[in-house]
Amino acid sequence: MLKTIFQLLLAAVVIWALTLPFIDDELVSDEQTSTVDIKKQKKKEKPLHNVKLPKFSEFTDVKEKKHAFFNFIKPHVEAENKKILQQRANLEIARMMIEHDELLSKKQTGDIKKILKSYGLPETLDTITLSQALRRVDIIPKEMALMQAANESAWGTSRFARIGLNFFGQWCYKKGCGMVPRRRNSEAEHEVAAFKSVRAAVSSYFKNINTHNAYKELRTIREDLRAQQKPILATKLTYGLMSYSERGEAYIEELNTMINQNRAYFNE
């Protein structure tokens, strides 16, 4: 009899323990964390910026939350793409002039060299270098940028987004350059980059995609779409993000699912 009672009590304790939530305080979804948890975390660590963020964790309506998130990030993504399209136009004009043996003005030369330098390319004004530049200086579909931001920051609620405006999970490798992950291996030295503005975070993400060797495949896909005069679709470019996450193909599939599920919000 006593043995039976003990077994029943033990079973009850196990069931109770399994119902307790497990929370990753660095990257969690709203369903996994409460407003009280978020407030406690905010008290522990002060933001490294002066930007007033929407209180994404306090939205109870999913549609309202998505509207708030997209409206917050989208203007910066669109501004970056607009800047890139202007840079791209300047590069195309310069390449065409050089092909026809026309001299660039002093201002054109300065502008082109500045673009080449910012994209990590030699400041050589010839058709080969300019063609190479055009592979890098190109847009990133807002659908892809927005969904990566939502995915990497748990819709703006992650510690890294709140404290350092890092919506894209970008790392840095200089001590003090950002935030130290709480679960970082003792031998690791990387930090999660911190930014002073949302635009700076978005610009860094664009530069990472457009210059890092890990995303060369993405740039090749985009170049091929350009050559075929096809739209630069987010669901095509995501296949060049294999190195962005350790999850590989599963990460790409998840992004494409998110893109397809949220199309109604992209152009609002």
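Values reported hereafter were calculated over all heavy atoms of this structure, with side chains retained and with hydrogens, waters and symmetry mates removed. Nothing here was measured: the structure is a model prediction, and the numbers come from that model.
Here CZ of R88 is found 12.5 Å from CD1 of I93. Values are rounded to the nearest 0.5 Å. Rounding to the nearest 0.5 Å gives a distance of 12.0 Å between CD of E143 and CD1 of I232. Rounding to the nearest 0.5 angstrom, the gap separating the CD atom in Q148 from the CG atom in L255 is 5.5 Å. With values rounded to the nearest 0.5 angstrom, K55 atom NZ is found 15.0 Å from T157 atom OG1. Taken to the nearest 0.5 Å, the CZ atom of R95 stands 11.5 Å off from the NE2 atom of H100. Here K114 contributes atom NZ and Q87 contributes atom CD; the two are 10.0 Å apart, rounded to the nearest 0.5 Å.
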For L125 and T109: C-alpha separation, side-chain torsions, deciding distance, then whether side chain to side chain contact (heavy atoms under 4.5 Å, CB included) applies. CA-CA 8 Å; L125 299 184; T109 300; 3.5 Å; yes
Please walk me through it: do V202 and F167 pass side chain to side chain contact (heavy atoms under 4.5 Å, CB included)? CA-CA 8 Å; V202 171; F167 293 89; over 6 Å; no
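At least one donor-acceptor pair closer than 3.5 Å links the side chain of S203 to the backbone N or O of R199. Side-chain N or O atoms of S204 include none that pairs as donor or acceptor with a backbone N or O of A201 at under 3.5 Å. Between the N166 side chain and the A193 main chain, a donor and an acceptor come within less than 3.5 Å of each other. Side chain of K216 to backbone of G240: no donor-acceptor contact under 3.5 angstrom is found. Distance alone, capped at 3.5 Å, is enough to place a donor-acceptor pair between the N260 side chain and the N256 backbone. In this structure a side-chain-to-backbone donor-acceptor pair under 3.5 Å is missing from N151 to M147. In this structure, the side chain of S153 engages the main chain of A149 through a donor-acceptor pair within 3.5 Å.
Nearest heavy-atom pair, L116 versus A133, reported as atom, atom and distance to 0.1 Å: CD2-CB, 3.6 Å. Contact record, R263 with I259: CG-O, 3.2 Å, taken as the closest heavy-atom pair. The shortest heavy-atom contact between L165 and V198 is CD1-N, 3.9 Å. Minimum heavy-atom separation, T235 to T238: O-OG1, 3.3 Å. Of all heavy-atom pairs between A94 and L104, the closest is CA-CD2, 4.0 Å.
Counted by atom type alone, E99 and T127 present zero donor-acceptor pairs between their side chains at under 3.5 Å. There is a side-chain donor-acceptor pair under 3.5 Å between T129 and D126. Between the side chains of D224 and Q228, no donor N or O sits under 3.5 Å from an acceptor N or O.
Other residues, nucleotides and ligands place no more than 12 heavy atoms under 6.0 Å from the CG atom of N50. In E249, the CD atom is not crowded: 12 or fewer heavy atoms of neighbouring residues, nucleotides or ligands sit closer than 6.0 Å. Within a 6.0 Å radius of NZ in K83, more than 12 heavy atoms belonging to other residues, nucleotides or ligands are found.
Linking Ile, Leu, Val, Met, Phe, Trp and Tyr residues whenever their side-chain heavy atoms come within less than 4.5 Å places Y215 and I84 in a single cluster. Cluster membership for M97 and L134, using ILVMFWY side-chain heavy atoms within less than 4.5 angstrom, is shared. Following chains of ILVMFWY side-chain contacts shorter than 4.5 Å, one cannot reach M96 starting from I115, and the two form parts of different hydrophobic clusters. Taken together through direct or relayed side-chain contacts under 4.5 Å among Ile, Leu, Val, Met, Phe, Trp and Tyr, Y265 and V77 form part of one hydrophobic cluster.
Across D61, N262, N71, a single residue satisfies side chain to side chain donor-acceptor pair (under 3.5 Å) together with K66, and that is N262. Evaluated for a side-chain contact (heavy atoms from CB on, under 4.5 Å) with L218, the options E223, M144, K236 yield exactly one hit, M144.
Ring geometry for Y205 against F168 counts as parallel: the plane angle stays under 30°, on a 0 to 90° scale with 60° as the upper cut.
With contacts defined as side-chain heavy-atom distances shorter than 4.5 Å, the pair R159/V192 does not qualify. You'll find the side chain of Q108 stays beyond 4.5 Å of the side chain of N90, heavy atoms only. The closest side-chain heavy-atom distance from L53 to F72 is below 4.5 Å. Inter-residue side-chain proximity for L237 and R219 is flagged as unmet; no heavy-atom pair is nearer than 4.5 Å. Under the 4.5 Å side-chain criterion, counting only non-hydrogen atoms from C-beta, Q170 is not in contact with E152. Between N210 and V137 the shortest side-chain heavy-atom distance does not fall below 4.5 Å. Counting heavy atoms from C-beta outward, E217 and S243 have side chains that stay 4.5 Å or more apart. With a 4.5 Å cut-off on side-chain heavy atoms, Y244 and I209 count as touching.
Between E191 and K175, none of the side-chain N atoms (NZ, or NE/NH1/NH2) sits under 4.0 Å from a carboxylate O, so this pair counts as no salt bridge. Using a 4.0 Å cut-off between charged side-chain N and carboxylate O, E78 and K142 make a salt bridge.
The aromatic ring centroids of F56 and W155 lie 6.0 Å or more from each other. Note: F69 and F59 fail the aromatic proximity criterion, with ring centroids not under 6.0 Å apart. The aromatic ring centroids of H49 and F195 lie 6.0 Å or more from each other.
In this structure, K74 fails the cation-pi test against F266, since its NZ or CZ atom is not both closer than 6.0 Å to the six-membered ring centre and inside 45 degrees of the ring normal.
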